[in-house]
Asks: 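Let me give you the structure first, and then I'll get to my questions.
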Amino acid sequence: MTKVSRQEAARRFLRRQSRHRGILHEKWKESYSSVVPIVLIVLILCFVFVPAPVSAMLGFLLGGVMLMVGMALFTLGTDLAMTPIGEHVGSAMTRSKKLWLIMLVSFLVGVVVTISEPDLTVLANQVPGVPNMTLILSVAIGVGLFLVVALLRILLHIRMSWLLLGCYIAVFVLSCFVPDSFLALSFDSGGVTTGPMTVPFILALGVGVSAMRSDRNAENDSFGLVALSSVGPILAVMILSLAFKPDGAAYTPATMTIVEDTTSLTGMFTHALPHYMGEVALALAPIIAFFVIFQLAVLHLPMREVLRIAFGLVYTYVGLTLFLTGVNVGFLPMGSYLGQALAALPSNWILVPLGMLMGYFVVAAEPAVHVLSKQVYELTAGAVPPKALKLSLSVGVSISVGLSMLRILTGMPIMYLLIPGYAIALILMFFVPPIFTSIAFDSGGVASGPMTATFMLPMAMGACAAVGGDVTTDAFGVVAMVAMTPLIAIQLLGLSYKRKQGKAVPAAPVQHPAEDIIE
């Protein structure tokens with residue numbers, strides 16, 4: 001190799017390293033902005049209103065650091081591995097134009113990716129009386145089946161609003177037969193499944209399948225896959241409740257381990273680390289096996305791309321391991337403790353405004369909200385600025401978390417809130433541009449991000465246990481309430497956009513025979 005070629009190779013290497021560091025820095029900022037607001041609120045509460053053991057606070061802070069580092073590495077790995085795998089799989093399905101292959105691959109992708117979703121794992125760990133894998137597999141099958149339905153909707157030009165209306169009518173009819181102990185959990189399951197592991201795959205598949213159509217509405221129809229994939233888990237857990245009899249185990253609040261010194265504190269995390277390493281390995285194994293089989297049989301990607309995906313999977317593994325360890329050892333027990341302590345105060349009504357404050361910052365700091373706001377801004381040519389969307393989501397989620405805390409204190413059934421909320425969202429569908437309906441229902445999973453499952457839900461469960469409520473009926477439902485808010489908030493923005501434009505809702509696309517698309 002000549003001196004010039006060696007210098008050029010060195011420059012390329014440095015450019016790649018610089019880009020890599022830039023991406024990692026961006027992911028670190030996203031995770032930092034997601035976790036720090038909650039940490040600051042907890043610090044203020046514990047130093048001013050609710051005393052907490054020093055060792056527990058140190059464990060919470062160490063868990064917060066692990067959470068931030070884990071989220072940064074995990075999202076970086078998602079960009080390097082999960083999204084490219086989804087794009088390659090979607091592209092391969094597009095080239096095949098075979099309906100049976102699209103349905104089979106979509107179902108498998110929905111199942112294997114949902115099994116790896118970290119928020120679902122966190123939720124399953126907190127559900128009493130139901131084995132973790134039973135719940136996870138039920139939810140995964142629900143996502144897989146409805147991902148197939150969502151892709152067929154794109155190919156067959158089915159209007160999103162009518163399909164969502166039918167699905168949610170089925171949900172609320174079936175809810176009449178579901179035991180109370182499973183009702184809130186069913187809706188929570190729909191909120192936690194569309195997370196950082198699942199969404200990149202689903203969106204990539206949607207873009208690939210919509211590319212099979214040549215009409216002008218094809219790109220807009222690529223939205224809505226996340227919305228339908230969120231309905232699947234709700235119905236799946238409801239059906240599970242009719243067939244599965246829980247073992248009757250009662251909820252046990254997460255306990256805060258008191259340690260004597262910093263070495264013992266470190267030992268708490270290092271002792272738990274091997275367990276979560278094995279758990280994450282089992283969760284990622286189906287995705288890796290799926291990719292290897294697809295690579296050998298269909299994709300035949302160049303070695304450079306395979307290595308890039310392999311490094312992304314390593315980042316995903318390490319990040320997810322740190323995330324779950326930090327959550328379960330440090331973060332989750334503090335959330336439960338704080339909920340119990342606040343609910344035990346003589347003026348436990350403070351839970352309502354405090355929940356509203358946390359809800360505001362939880363969604364304001366969610367990285368996916370920034371992506372969503374930019375997407376809507378570009379789609380509406382600046383008519384809906386990011387500030388307006390973020391503010392509407394923050395206020396909406398703040399109200400929904402406050403109502404969730406009020407429900408815990410009063411024992412109000414969750415359907416008293418969900419039925420009016422979804423009724424408003426479903427009615428709005430017929431008065432806003434269709435693209436806003438798809439984005440609104442997609443964004444329900446965006447708002448219910450990692451902080452909701454890892455801190456707000458444990459806090460609600462701790463508060464419920466302190467006031468003597470039933471955790472399965474009163475505490476679960478926080479995620480569902482947070483996921484419901486964007487359905488209304490973004491569609492209201494759609495009404496504002498429609499009024500500004502002075503145009504009627506675009507007419508439904510001309511129907512085309514499925515035979516023109518599928519061989």
Side-chain angles (χ1 to χ4, degrees), residues 16-42 59-86 113 116-122 192 194-201 203 266 269-270 272-273 276-277 279-281 283-284 287 307-332 334-335 361-374 445-456:
R16 287 196 299 269
Q17 291 297 103
S18 177
R19 286 197 299 269
H20 190 273
R21 286 194 297 269
I23 295 172
L24 185 57
H25 179 68
E26 179 184 348
K27 299 303 179 185
W28 169 253
K29 285 177 61 179
E30 290 177 355
S31 62
Y32 175 86
S33 64
S34 296
V35 178
V36 166
I38 297 298
V39 171
L40 291 178
I41 292 173
V42 171
F60 169 72
L61 294 176
L62 182 56
V65 172
M66 294 183 72
L67 196 62
M68 286 187 285
V69 175
M71 283 177 63
L73 293 176
F74 174 73
T75 53
L76 175 61
T78 298
D79 286 352
L80 293 176
M82 300 303 154
T83 300
I85 292 175
V113 176
S116 307
E117 186 60 55
D119 292 351
L120 177 58
T121 303
V122 172
V192 300
T194 49
M197 184 74 79
T198 313
V199 169
F201 270 86
L203 293 180
T266 306
F269 288 89
T270 55
L273 197 60
Y276 293 108
M277 289 175 65
E279 195 171 275
V280 173
L284 288 179
I287 292 180
L307 289 176
R308 180 173 179 268
I309 291 174
F311 278 114
L313 288 170
V314 172
Y315 280 124
T316 303
Y317 175 75
V318 175
L320 193 50
T321 300
L322 293 175
F323 175 88
L324 290 176
T325 305
V327 162
N328 288 286
V329 180
F331 232 66
L332 194 148
M334 176 58 78
F361 284 106
V362 160
V363 73
E366 187 61 44
V369 170
H370 301 287
V371 177
L372 177 69
S373 62
K374 181 180 178 182
V446 168
S448 54
M451 288 299 98
T452 306
T454 61
F455 192 82
M456 298 306 301

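Given the structure is predicted, the values throughout are model-derived calculations rather than measurements.
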Asks: Sort and list the pairs that fulfil salt bridge (charged side-chain N to carboxylate O under 4.0 Å, His left out) and have at least one residue in residues 310-327, not counting sequence neighbours.
Replies: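 Residue pairs passing salt bridge (charged side-chain N to carboxylate O under 4.0 Å, His left out), neighbours aside: none found.
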Asks: In Å, rounded to the nearest 0.5 Å, how long is the span from OG1 of Thr321 to CG of Leu284?
Replies: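 Thr321 OG1 to Leu284 CG: 8.0 Å, rounded to 0.5 Å.
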Asks: Nearest 0.5 Å, what's the CG-OG1 distance between Leu62 and Thr325?
Replies: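 Going from the CG atom of Leu62 to the OG1 atom of Thr325 covers 10.5 Å.
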Asks: For Tyr315 and Thr75, indicate whether the former's side chain and the latter's backbone hold a donor-acceptor pair under 3.5 Å.
Replies: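 Pair absent, no side-chain N/O of Tyr315 close to backbone of Thr75.
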Asks: Are the aromatic ring centres of Phe331 and Phe60 under 6.0 angstrom apart?
Replies: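 Yes: the rings meet the under 6.0 Å criterion.
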Asks: If you compare all heavy atoms of Pro84 against all heavy atoms of Thr78, which two are closest, and at what distance to 0.1 Å?
Replies: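 Scanning both residues, the minimum pair turns out to be CD-O, 4.1 Å.
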Asks: Among residues at least two apart in sequence or on other chains, which ones pass side-chain contact (heavy atoms from CB on, under 4.5 Å) with Leu61?
Replies: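 Here the qualifying residues are Val39, Leu43, Met57.
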Asks: Atom CG of Leu322 and atom CE of Met277: how far apart are they, to the nearest 0.5 Å?
Replies: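 The CG atom of Leu322 sits 9.5 Å away from the CE atom of Met277.
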Asks: Roughly how far apart are Leu67 CG and Phe455 CZ, rounded to 0.5 Å?
Replies: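 Spacing of CG (Leu67) from CZ (Phe455) equals 11.0 Å.
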Asks: So which atom in Val192 and which in Glu117 form the shortest heavy-atom distance, rounded to 0.1 Å?
Replies: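 The answer is O-CG, 3.6 Å.
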Asks: Which pairs, with at least one residue in residues 61-85 and sequence neighbours excluded, count as a salt bridge (charged side-chain N to carboxylate O under 4.0 Å, His left out)?
Replies: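 As it turns out, the salt bridge (charged side-chain N to carboxylate O under 4.0 Å, His left out) pairs with a partner in residues 61-85, which skip direct neighbours, are Lys27-Asp79.
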Asks: Tell me, do Arg308 and Phe311 make a side-chain contact under 4.5 Å, heavy atoms counted?
Replies: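 SC-SC contact between Arg308 and Phe311 ruled out.
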Asks: Rounded at 0.5 Å granularity, tell me how far CG in Leu324 sits from CE in Met66.
Replies: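 If I round to the nearest 0.5 Å, the distance is 10.0 Å.
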Asks: Taking all heavy atoms of Ala81 and all of Ile309, pick out the closest pair and write down the distance.
Replies: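 Ala81 and Ile309 have their closest heavy atoms at CB-O, 3.4 Å.
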Asks: When rounded to the nearest 0.5 angstrom, what is the spacing between OG1 in Thr316 and CD1 in Ile287?
Replies: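 Here the rounded value is 8.0 Å.
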